[in-house]
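Take a look at the structure set out below.
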Amino acid sequence: MKTVYRTYKFRMYPNAEQRQVLARYFGSVRFIYNHYLAERKRQYEETGKSDNYAKQAKDLVALKRAEGFDWLKEINSQTLQQALMHLETAYKNFFNHTADFPKFKSRKRGGSFTVPQFCYLENGYIHIPKFKEGLKVKEHRNVKGAVRSMTISITPAGKYYVSILTEEQHEPIARTNQSVGLDMGLKSLVITSEGETYDNNRYTKKYEQKLATAQKHLARKQKDSNGWEEQRMKVAKIHESLANSRKDWQHKVSADIVKRYDTICIEDLGVKQMEEKKKGVKKNRLSKSISDAGWSSLVAMIVYKAEMNDKTVVKVDRYYPSSKTCSVCGWKNDNLTLANRSWTCPECGTKHDRDVNAAVNILGEGLRVLNCKSSAGTVDYTGGGSVRPTPVGGRLRSQKPTNL
C-alpha cells in the first residue's frame, strides 16, 4: 500500500439560488486573479520587479476593507487566497519554461475556484463555506480516503462540476515484468514494439461537419443577443463532446498500457514545435491531425498512472532517429520520408514497418538509458533490464484495450 493523491470529478446540479452564489464566486476569483496579474505587470514595467504571493495576500486583506469592495467579503477568504496561489504557480511555471506567460481569465471560457479547507461530501451533497445548503452531485463512484480540497468549475457549455482531491491508500496493480516501446502516430494513435496498435479515432474529423454548421449559424446571429447566446451554448456542447470522447479513449489506452507493462519507453515529442506557425504559414500540414491526436495529454496520463502503480516511464530523446534506424543491424536510412510507411534495410535485408521499427528502437534506447542511469545510482530499477527488443515485421495487428 502507498499513499497517493487522487481526484474524483462529479457533475453538480445546483439550484437557482446556489447558481447565483456560484456566479459571484467565479466572478470574484476571476477579478482577484486578473487584478493582481495586472498589478504584477504594471510593477514590472515601472520597476523591473513585482510582488510575490506573500505581499499580494497581505494587500488582498486591505483591498477587502477598501470602499467599494465589500462584495469580496461574501466569498470564502481562503478561496480568494487560493486564486493568488494559482497566479504564483503560473508565474513559476513561466520562469521554469514549462508554460507560457499567465493570461487574463475570461468568463467566456467558464470559470473555477478552489476550496482548500472545511469541505466534505455527504449523502450525494458537497458542503463548502458560505453555502447554507449542500450542493447536489451525481456521485457515480465511492470516494475513498480523506478529502483535502475541492475545485468547483463551470464549463463554457454551462455544466457544473466538482473535482475532489483526496489522500488515500492505494494498492499498486500487479507487476508483469514486461517492457514496451511506444511510437505515437496518426494512422494509429499508439504503436507498440510488439506490433500492436491502438486506434486513432480522429474525433475532430468526426465532429467537424456538425461543428462547422453550428458555428455558421452562430456567425449569422447578433453578438450578445439571446439567440447568439443560445447558439454559443450549442457550439460549446459540441466542443465538450469532442473533448470528452478523446479524453475517455486516452484514459482507456493509458490504463491498458500501464496494466500490461512495468517499463514503458516513450519518445519525448516536441508537440508544440510540430504545431507552431511560422510567418503565418503552418510549419507542418499535419498540425491539425497532431492536435486532434492529443499525444501530450495521453503521455501525461501514462506517466501519472505509472507513478501511482510503481511502474517506470523512460522518455527517449526526441532527436533519436528511431524511424530511420534499422532495429536489427543499426544501419541508418537518411533518405526515409513520411511517405515511406515501410522500407527494407540494404545491410541485413530486414523488411521494416516504419512505426513498429520505431517502437522497437525506442524500447531498445529506453532500456539502454535506464540501465545507464541505474548503473550510475540515479534510478532504482530491477525489472526488464535483460529484455532485448525483438523486431516485428509485416502488417500491424490492430488491437483495442481489453479488461479495462
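All heavy atoms count here, side chains included; hydrogens, waters and symmetry mates do not. Residue numbers run from 1 in the order of the sequence given. Predicted, not measured: the structure shown is a model, and the values here were computed from it.
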Sequence neighbours excluded, the answer for ring-ring contact (aromatic ring centres under 6.0 Å, His included) partners of H86 is none
F118 meets the ring-ring contact (aromatic ring centres under 6.0 Å, His included) criterion, sequence neighbours left out, with none
For N244, the side-chain hydrogen bond (donor to acceptor under 3.5 Å, both in side chains) test, sequence neighbours excluded, returns none
Name every donor-acceptor pair, under 3.5 Å, that has one atom in a side chain of residues 64-76 and the other anywhere in the protein, sequence neighbours excluded.
| from | atom 1 | to | atom 2 | distance (Å) |
| --- | --- | --- | --- | --- |
| W71 | NE1 | G68 | O | 3.0 |
| E74 | OE1 | R24 | NE | 3.4 |
| N76 | ND2 | T79 | OG1 | 3.2 |

Sorted by chain and residue number, the side chain to side chain contact (heavy atoms under 4.5 Å, CB included) partners of M85 (sequence neighbours excluded) come out as Y53, Q82
ring-ring contact (aromatic ring centres under 6.0 Å, His included) filter on F94, not counting sequence neighbours, yields F101
Has K136 got more than 12 heavy atoms of other residues, nucleotides or ligands less than 6.0 Å from its NZ? no
With sequence neighbours left out, the residues meeting salt bridge (charged side-chain N to carboxylate O under 4.0 Å, His left out) with E139 are none
By side-chain hydrogen bond (donor to acceptor under 3.5 Å, both in side chains), N52 pairs with (sequence neighbours left out) none
Residues pairing under ring-ring contact (aromatic ring centres under 6.0 Å, His included) where one sits in residues 143-195, two or more places apart or in two chains, turn out to be none
The complete set of ring-ring contact (aromatic ring centres under 6.0 Å, His included) pairs with one or both residues in residues 128-158, sequence neighbours excluded, reads F10-H140, Y25-F131
Contacts of T89 meeting side chain to side chain contact (heavy atoms under 4.5 Å, CB included) (sequence neighbours excluded), chain-then-number -> N93
Sorted by chain and residue number, the side-chain hydrogen bond (donor to acceptor under 3.5 Å, both in side chains) partners of T3 (sequence neighbours excluded) come out as Q169
